[in-house]
Amino acid sequence: MQPITELAKQIKLLIMDVDGVLTDGRIFITASGEELKAFNTLDGHGLKMLQSTGVQLAIITGRAAPGVAHRARGLGIDHYYEGVHDKRGVFAELLAKTGLQAEQCAYIGDDVVDLPVMSRVGFAVAVPDAPSFVRQHAHFVTGSQGGSGAVRELCELILQAQGNYERLMAAYLA
């Protein structure tokens with residue numbers, strides 16, 4: 001198996017699940033039926049930094065939630081797919097749309113529904129509380145939980161592998 005940094009160096013598209021990855025997986029439902037989810041701002045800034053280097057971002061989620069769509073727009077996510085039950089089909093569509101190869105894509109997930117894409121990308125990532133079967137099929141498991149910095153950790157790993165991290169951090173100290 002290639003070293004993690006070699007896999008991360010090739011990434012041109014980061015694809016993410018939402019529940020359990022960008023959130024902690026809990027869904028709060030109000031009396032009126034509205035769903036509430038909490039997103040980590042560190043993850044958001046990590047995604048913006050990664051995007052500033054030319055890496056495209058995509059979300060493929062099985063649920064359709066207005067709050068998630070709003071967050072995706074706020075982050076400038078390049079490709080957003082909600083209410084998806086066949087993530088493999090959307091992945092094929094993404095490859096055709098972007099002209100990228102599967103090896104140039106990373107996917108971060110937390111459950112077995114993510115495996116059809118995780119098993120096809122060049123860099124498969126799981127969060128630590130994913131079931132062991134999912135973690136076994138990942139090239140890398142984050143140290144941080146979903147909704148608690150896992151995406152930021154992955155963004156920084158890709159930025160470092162691609163030689164962009166130091167330059168971006170230096171700009172904050174200038």
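Screening residues 49-73 for salt bridge (charged side-chain N to carboxylate O under 4.0 Å, His left out) gives Asp19-Arg63, Glu35-Arg63 as the qualifying pairs, with residues at least two apart or on separate chains.
When atom types are taken as modelled, the side chain of Gln104 and the backbone of Gly99 share no donor-acceptor pair closer than 3.5 angstrom. With hydrogens and angles ignored, the 3.5 Å screen pairs a side-chain donor or acceptor of Asp24 with a backbone N or O of Arg26. With hydrogens and angles ignored, the 3.5 Å screen pairs a side-chain donor or acceptor of Lys48 with a backbone N or O of Leu75. Looking at Thr98, its side chain does come within 3.5 Å of a backbone N or O of Leu94 through a donor-acceptor pair. No donor-acceptor pair under 3.5 Å is formed between the side chain of Gln145 and the backbone N or O of Pro128.
The closest side-chain donor-acceptor pair between Thr30 and Ser32 falls under 3.5 angstrom. Judged by distance alone, the side chains of Thr61 and Glu82 never bring a donor and an acceptor atom under 3.5 Å apart.
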Verdict with supporting geometry, Arg152 and Asn40, side chain to side chain contact (heavy atoms under 4.5 Å, CB included): CA-CA 9 Å; Arg152 175 62 170 264; Asn40 188 305; over 6 Å; no
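Applying the salt bridge (charged side-chain N to carboxylate O under 4.0 Å, His left out) test to Asp17 and every residue at least two apart in sequence or in another chain returns Lys87. In this structure Arg88 satisfies the side-chain contact (heavy atoms from CB on, under 4.5 Å) test together with Asp86, Pro116, Arg120, sequence neighbours excluded.
Contact annotation: the side chain of Asp114 never approaches that of Val134 to less than 4.5 Å [non-hydrogen atoms, C-beta and beyond].
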